[in-house]
Amino acid sequence: MDLVAGHRSTTATGAALLASSAVAWLLLAGYDAPMGLAGFLAGWTLMMTAMMLPSIAPLILLYRGSRTTLVSAYLATWAAIGLLPYAAMEMDLMPPLALVLGLAGVYELSPLKTACLRRCRNVAGFLMEHYRSGPIRLGFDHALWCIGCCAGLMVVLVLAASMSLAWAAAIAAVVFVQKVLPTGELSARLTGVGLVGAAMVAAVM
């Protein structure tokens, strides 16, 4: 009976994560951000909810503590990081497209990206290493590794794509492949090569 109950709980949690992500995408489609920091951070957090919940499903499903608290701490960390793109937009930073794509591509191929990606993918190892931590600390720590993993892609989203919904969906798919599917590390390298190639094209156009 315990195994059946555990399976049902895991299935329900997975469905709740996917449903929450789907709802966030729907809300984003009609979101008209108010001016100012609060409006931007609300939209940013909604976008991170839509993009990131599917990719952290393996961690949430394996965790046996307060999953709601873990997810809340994870998303709160991503919300705080939203201060950086807000500052970039307030300063009207518009670096050349080739530079943005090139730097993002180099980062995708870097040892730092690989290290962060491996920590994100090895959720069992992460939980064993942090088994004494509570859900808040777990959510915060995993979000930091996830931010390190996704930094290059987020730079593209903010500085090259102006947080376009279509680009957000495409990057969310890339993040899911990298963090969840067996070909994750290969996908990261291919993404890096693709971004560097796109930067070269942009440089000569």
Side-chain angles (χ1 to χ4, degrees), residues 1-28 31 38 40-85 111-154 157 168-169 171-185 187-188:
M1 292 295 292
D2 289 342
L3 288 176
V4 173
H7 177 72
R8 287 176 178 171
S9 174
T10 298
T11 302
T13 300
L17 287 172
L18 293 178
S20 298
S21 177
V23 169
W25 282 116
L26 290 174
L27 292 175
L28 274 174
Y31 185 71
F40 177 86
L41 288 182
W44 170 264
T45 304
L46 191 60
M47 183 170 282
M48 293 306 104
T49 301
M51 294 176 66
M52 297 300 165
L53 283 187
S55 72
I56 64 166
L59 173 70
I60 305 306
L61 296 179
L62 196 59
Y63 185 58
R64 290 295 176 262
S66 175
R67 292 164 168 171
T68 300
T69 304
L70 194 160
V71 171
S72 297
Y74 176 87
L75 292 177
T77 308
W78 269 107
I81 288 297
L83 293 170
L84 296 178
L112 178 58
K113 161 74 180 197
T114 300
C116 291
L117 180 58
R118 287 177 178 172
R119 292 299 295 270
C120 286
R121 289 176 58 82
N122 184 15
V123 294
F126 176 82
L127 288 174
M128 289 180 65
E129 182 179 345
H130 295 82
Y131 71 98
R132 291 184 178 177
S133 301
I136 294 176
R137 179 62 185 273
L138 279 170
F140 173 76
D141 286 350
H142 193 72
L144 291 182
W145 286 111
C146 186
I147 290 164
C149 176
C150 300
L153 297 173
M154 291 302 160
L157 177 64
I171 289 173
V174 172
V175 169
F176 182 83
V177 170
Q178 290 186 3
K179 291 180 63 177
V180 178
L181 299 188
T183 57
E185 289 192 35
S187 173

Check against side-chain contact (heavy atoms from CB on, under 4.5 Å), Leu70 and Leu59
CA-CA 10 Å; Leu70 194 160; Leu59 173 70; 4.0 Å; yes

Rounded to the nearest 0.5 Å, what separation is found between the CG atom of Leu17 and the CG atom of Leu61?
6.5 Å

Determine all donor-acceptor pairs shorter than 3.5 Å in which one atom belongs to a side chain in residues 176-185; sequence neighbours excluded.
residue, atom, partner, partner atom, Å
Gln178, OE1, Lys113, NZ, 2.6
Gln178, NE2, Glu108, OE1, 3.1
Lys179, NZ, Ser55, OG, 3.4
Glu185, OE1, Arg118, NE, 3.3
Glu185, OE1, Arg118, NH2, 3.2
Glu185, OE2, Arg118, NE, 3.0

Please answer whether the main-chain N or O of Glu129 pairs with a side-chain N or O of Arg132 as donor and acceptor at a distance below 3.5 Å.
no

Donor-acceptor under 3.5 Å (His130 side chain, Phe126 main chain):
yes

Pairwise distance CE(Met51) to SG(Cys150) - rounded to 0.5 angstrom
7.5 Å

What closest approach, in Å, do Tyr63 and Gly134 show between heavy atoms, and which atom pair accounts for it?
OH-C, 4.2 Å

What distance separates Trp44 CH2 from Met47 CE, expressed to the nearest 0.5 Å?
8.0 Å

So CG of Asp141 and SG of Cys146: to nearest 0.5 Å the spacing works out to 12.5 Å

Cut-off 3.5 Å, no hydrogens considered: what does the side-chain donor-acceptor table look like for residues 72-83, sequence neighbours left out?
residue, atom, partner, partner atom, Å
Ser72, OG, Thr68, O, 2.8
Tyr74, OH, Trp78, NE1, 3.2
Thr77, OG1, Ala73, O, 2.8

Identify the heavy atoms of Ser21 and Leu53 that sit nearest to each other, and give their distance.
N-CD1, 4.0 Å

Of all residues at least two apart in sequence or in a different chain, which pass the side chain to side chain contact (heavy atoms under 4.5 Å, CB included) check with Ala124?
Leu62, Asn122

dist Leu144:CG -> Cys149:SG (nearest 0.5 Å) comes out at 12.5 Å

Could you give me the CA-CA distance, side-chain angles and deciding distance for Leu127 and Leu138, then say whether side-chain contact (heavy atoms from CB on, under 4.5 Å) is met?
CA-CA 8 Å; Leu127 288 174; Leu138 279 170; 4.2 Å; yes

Check this for me: Leu84, atom CG, are more than 12 non-hydrogen atoms of other residues, nucleotides or ligands nearer than 6.0 Å?
yes

Could you state the interatomic distance from CG (Leu46) to CG (Leu28), rounded to the nearest 0.5 Å?
4.0 Å

Quick check: does any side chain N or O of Trp25 sit under 3.5 Å from a backbone N or O of Ala50, one acting as donor and the other as acceptor?
yes

